[in-house]
2 protein chains.
Amino acid sequence: MNAAKDTTEDKILEAATQVFVQKGMEGARMQEIADAAGINKALLHYYFRSKDKLFDAIFSKIVSFAFPKIGQILQAELPFVDKVEQAIDTYLDLLLKHPYLPGFILKEVNRDPSVFFKLVMKHGFKLEPIFQVMQEAMDRGELIRMKPEHLVVNVVGLCVFPFAAKPVISFVAFNEDPEATQAFFEERREEVKQFVIRAIQPIN
Amino acid sequence: MNAAKDTTEDKILEAATQVFVQKGMEGARMQEIADAAGINKALLHYYFRSKDKLFDAIFSKIVSFAFPKIGQILQAELPFVDKVEQAIDTYLDLLLKHPYLPGFILKEVNRDPSVFFKLVMKHGFKLEPIFQVMQEAMDRGELIRMKPEHLVVNVVGLCVFPFAAKPVISFVAFNEDPEATQAFFEERREEVKQFVIRAIQPIN
DNA sequence: GCATGATTTAACCAATTGGTTAAATTTGCT
DNA sequence: AGCAAATTTAACCAATTGGTTAAATCATGC
């Protein structure tokens, strides 16, 4: 995810991202981040004065990375169903490459929502345009009538939840077989698309 | 959730449940649990020798509570669609009463899956009977053909995810208006049922 | 060569925290 | 009353951890 320019600051950001994402803000240790970056604790504090400052920097990058510009896809001149397929594809691509993101973000957002709120305000992330597109598609009869909020939550939940619950799914449904688990997650792409389409398509 | 028998041990379990669920294993403080139980730290360790022991006791109760016997509903003599509706109703009832459970369980399972695995093995929780019921319903043409694993994950995700992501949803979609947020969560009951039914019903 | 910033070393500090201990006090029971 | 268990008090310990500091060393460009 990080463009490893190999400067010390980038090495720190890369290492910190890895450690923070895996262990969370509270579980991460400054010493471990320093080790992962191949430097020592003093230098780590020399670059980022405090753990909070370092975490904020990482969390900001991760949030803006994990809330991609789905908006553009939805604005295109396409049948709504195609837009939904594209959006799901884009998002599952991202999640398959970064499966730890959901667990990390959910954990941190529940620990201290205010940090997340500030970021969303700064990046000016809004749902209204997405709702707008959905309303218009409903008016054209391209999808069943429903509250856009629910549709967004349903689609995001179907995409994101399995990653946040991966250990549970892997153990309960696949006896911890890593290949079966991996196959399941790759199937999700088609599965979610078909499931959502069947759920939103009007009965002609 | 706890049957407050008012004995000291129950007071501890009640307080510990509250603190653990809100702050997680790592964020919880033994002193805070003692305070919440109206006792002191020495007595807390007198009843439960260590934080780990206390946490295991709470986590075990919570997991067996949050993985309810949906199996019984699915075994009944009913059209499959009705069973699904009942299962969703039962589960969303539980979640609306205990909205912190998803965030807590997901956090702890990602922190240390082994504890969860042992519990699942001890309680002998299996998905096969549920898969069986689904397969039979598919054979009878009562629902579309799909892998049962995906159907279970889809339904659980649609129910659970919004609770784990509540702060995000409340802020991004409802501008943190608590009443609008609450209304949205209560709507989920009908919304999820209709969404799932549309997605799994065969086109006659 | 020299000045400046980057980096290391290593010791240190203060706060937090899980856990212990021992003695005193209270409570409940017979 | 008297015994045992429950509970409090209060001090203490050891480990962890975020953060600091000061001096030494290294790298680099002017």
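Each chain gets a letter, A, B and so on, in the order its sequence line appears, and its residues count up from 1. Predicted, not measured: the structure shown is a model, and the values here were computed from it.
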Distance, rounded to the nearest Å, where A/E26 contributes CD and C/dT16 contributes C1'
13 Å
Is the phosphate of C/dT7, meaning OP1 or OP2, less than 4.0 Å from a side-chain N or O of A/T8?
yes
In whole Å, what is the span from the NZ atom of A/K11 to the C1' atom of C/dT7?
10 Å
Side chains of B/D35 and B/Q31: do they bring a donor and an acceptor to under 3.5 Å?
yes
Output the residues of residues 40-52 of chain B in contact with DNA chain C, where contact means a heavy atom of the residue under 4.0 Å from an atom of the strand; sort by number or write none.
B/K41, B/A42, B/H45, B/R49, B/S50, B/K51
Would you kindly say whether B/Q182 and B/E186 are connected by a side-chain donor-acceptor distance under 3.5 Å?
yes
Give the ring-plane orientation class for B/F184 versus B/F174, where under 30° counts as parallel, over 60° as perpendicular and anything between as tilted.
tilted
Strictly below 4.0 Å: does A/R29 bring a side-chain N or O up to OP1 or OP2 of D/dG18?
yes
Rounded to whole Å, how long is the line connecting atom CD of A/E32 with atom P of D/dG18?
10 Å
Which part of the nucleic acid, if any, lies within reach of A/A28 when heavy atoms closer than 4.0 Å are counted: base, sugar-phosphate only, or nothing?
sugar-phosphate
Paired with B/V152, the side chain to side chain contact (heavy atoms under 4.5 Å, CB included) test is passed by just one of B/V155, B/V156, B/N154, namely B/V156
What heavy-atom pair brings A/H123 and A/S60 nearest, and what distance separates the two atoms?
CE1-OG, 4.2 Å
I need the CG-P distance between B/D56 and C/dG18, as an integer number of Å.
15 Å
Between C1' on C/dT17 and CE on B/M25, what's the gap in Å once rounded to a whole number?
12 Å
Find the distance B/Q31:CD to C/dT20:C1' and express it as a whole number of Å.
14 Å
For atom CD1 of B/I39 and atom P of D/dA6, their distance in whole Å:
13 Å
So, is the end of the B/R111 side chain (NZ or CZ) under 6.0 Å from the ring centre of B/F59 and within 45° of the ring's axis?
no
